[in-house]
Amino acid sequence: MSARPAGAPRFDLPEIDAFTRPYWDAAARGHLLIRRCADCGLAHHYPREFCPRCWSENVSWERASGRATLYTWSVVYRNDLPPFGARVPYIAAVVELAEGPRMMTQLVGCAGHDLRVGMELRVDFRALDEDASGEGVSGEGVSGQGVSGQGVSGQDAPDEGASVVPVFRPAP
C-alpha cells in the first residue's frame, strides 16, 4: 500500500470533546474507563452522559479492570479508508468487558485462526502516530500502566494528550 498523501483525511483519530476528555486522557496513561450509573448500577460503554437503562444522569467514570472475553470478530482484508488500507489484514472485534458492557475494538498480538469465542483478553493501548501503519511506537501497541501497573508489552505509556486507543490482546 502506498503512503498516505499529505493532508489526506484520517478516519482513525478520535474526536475529543470536554465530555470524553477524561476517557482519552486515561487511555494515554494506560487506563480504560467506563461509565457506571449510581442509581441502577449498570456499567456502560460507549461513554454517555446518561444511563442507557434508566436514563439517570447520575453516572460517573470508573476504571475498568482491563479484562474481557471475545464475543465476536472479523478479519478485515480490505478497507479503503485512510489509514486502514495500510493496516490490512487486521482483526476487528467486539469484546465483553468483565464489568459487563460490550466494546468494539481491535485485537493485536494474535492471528485470526487462533481466536475462539470466550477467550480471555487483556487491554493494551496503541498510539495513533502520524504514520499510517497503525502499529504505534513499539510495533505491537503501546502499553501504558494497564490495570496492574506493569503494562502488557513493557513499553512506557505515551505522553498524556496523545491519540491513544484501547486494543485487546490474548491474556497471558
Side-chain angles (χ1 to χ4, degrees), residues 1-4 10-16 20 23-35 43-47 62-160 162-172:
M1 186 83 192
S2 61
R4 180 175 59 92
R10 288 188 56 174
F11 295 91
D12 64 329
L13 299 175
E15 290 187 30
I16 300 171
T20 61
Y23 178 85
W24 298 113
D25 286 350
R29 292 188 310 271
H31 305 294
L32 178 64
L33 295 184
I34 57 175
R35 300 280 284 175
H44 61 273
H45 187 83
Y46 64 93
E62 172 182 300
R63 186 171 166 189
S65 68
R67 294 179 293 116
T69 56
L70 183 57
Y71 182 75
T72 190
W73 75 92
S74 179
V75 179
V76 178
Y77 292 99
R78 181 179 172 114
N79 187 332
D80 295 330
L81 294 174
F84 298 105
R87 297 179 185 167
V88 294
Y90 62 88
I91 302 168
V94 175
V95 300
E96 189 165 299
L97 300 175
E99 293 79 9
R102 291 186 184 145
M103 174 180 175
M104 292 183 67
T105 189
Q106 183 177 345
L107 298 184
V108 297
C110 55
H113 58 79
D114 294 330
L115 302 176
R116 66 187 191 292
V117 169
M119 73 183 290
E120 292 185 27
L121 305 168
R122 295 290 183 266
V123 73
D124 200 355
F125 296 86
R126 185 184 71 219
L128 298 176
D129 51 8
E130 286 306 313
D131 77 338
S133 72
E135 293 297 326
V137 175
S138 70
E140 280 195 85
V142 175
S143 180
Q145 293 298 310
V147 295
S148 67
Q150 298 300 314
V152 178
S153 64
Q155 299 294 319
D156 291 329
D159 294 333
E160 187 150 341
S163 292
V164 175
V165 295
V167 296
F168 282 79
R169 63 176 59 245

Check whether any side-chain heavy atom of [X] sits under 4.5 Å from a side-chain heavy atom of [Y], and report yes or no.
| X | Y | answer |
| --- | --- | --- |
| D124 | R126 | no |
| L115 | C110 | yes |
| N79 | Y90 | yes |
| P83 | L128 | no |

Check side chain to side chain contact (heavy atoms under 4.5 Å, CB included) between [X] and all other residues, then give those that pass, not counting sequence neighbours.
| X | value |
| --- | --- |
| T20 | I16, D17, W24 |
| E99 | I34, R36, A43, E62, A64, S65, L97, P101 |
| M104 | V94 |

Query raised in the report: What distance separates L70 CG from E96 CD, expressed to the nearest 0.5 Å?
Result: 10.5 Å
Report task. Output the distance between atom OG1 (T69) and atom CZ (R116), rounded to the nearest 0.5 Å. Result -> 10.5 Å
**Report entry** Qualifying residues under side chain to side chain donor-acceptor pair (under 3.5 Å), relative to Y46, sequence neighbours excluded
**Finding:** none
Requested in this report: Taking side chain to side chain donor-acceptor pair (under 3.5 Å) as the test, write out the residues that go with R78, two or more places apart.
Outcome: D80
Requested in this report: Please say which of M103, Q106, R67 ends up in a side-chain contact (heavy atoms from CB on, under 4.5 Å) with F168.
Outcome: M103
Query raised in the report: Residues two or more places apart in sequence or in another chain: which of them pass ring pair (Phe, Tyr, Trp, His ring centres under 6.0 Å) with H45?
Result: Y23
Which pair of non-hydrogen atoms, one from [X] and one from [Y], has the smallest distance, and what is that distance?
| X | Y | result |
| --- | --- | --- |
| V164 | A27 | CG1-O, 3.5 Å |
| P170 | V108 | CD-O, 3.5 Å |
| P47 | R35 | CA-CG, 3.9 Å |
| G112 | I91 | N-CD1, 3.8 Å |

Query raised in the report: So which pairs with a foot in residues 104-114 pass salt bridge (Lys or Arg N to Asp or Glu O under 4.0 Å), sequence neighbours left out?
Result: none
Requested in this report: Check the pair V95 / W73 against side chain to side chain contact (heavy atoms under 4.5 Å, CB included), numbers first and verdict last.
Outcome: CA-CA 9 Å; V95 300; W73 75 92; over 6 Å; no
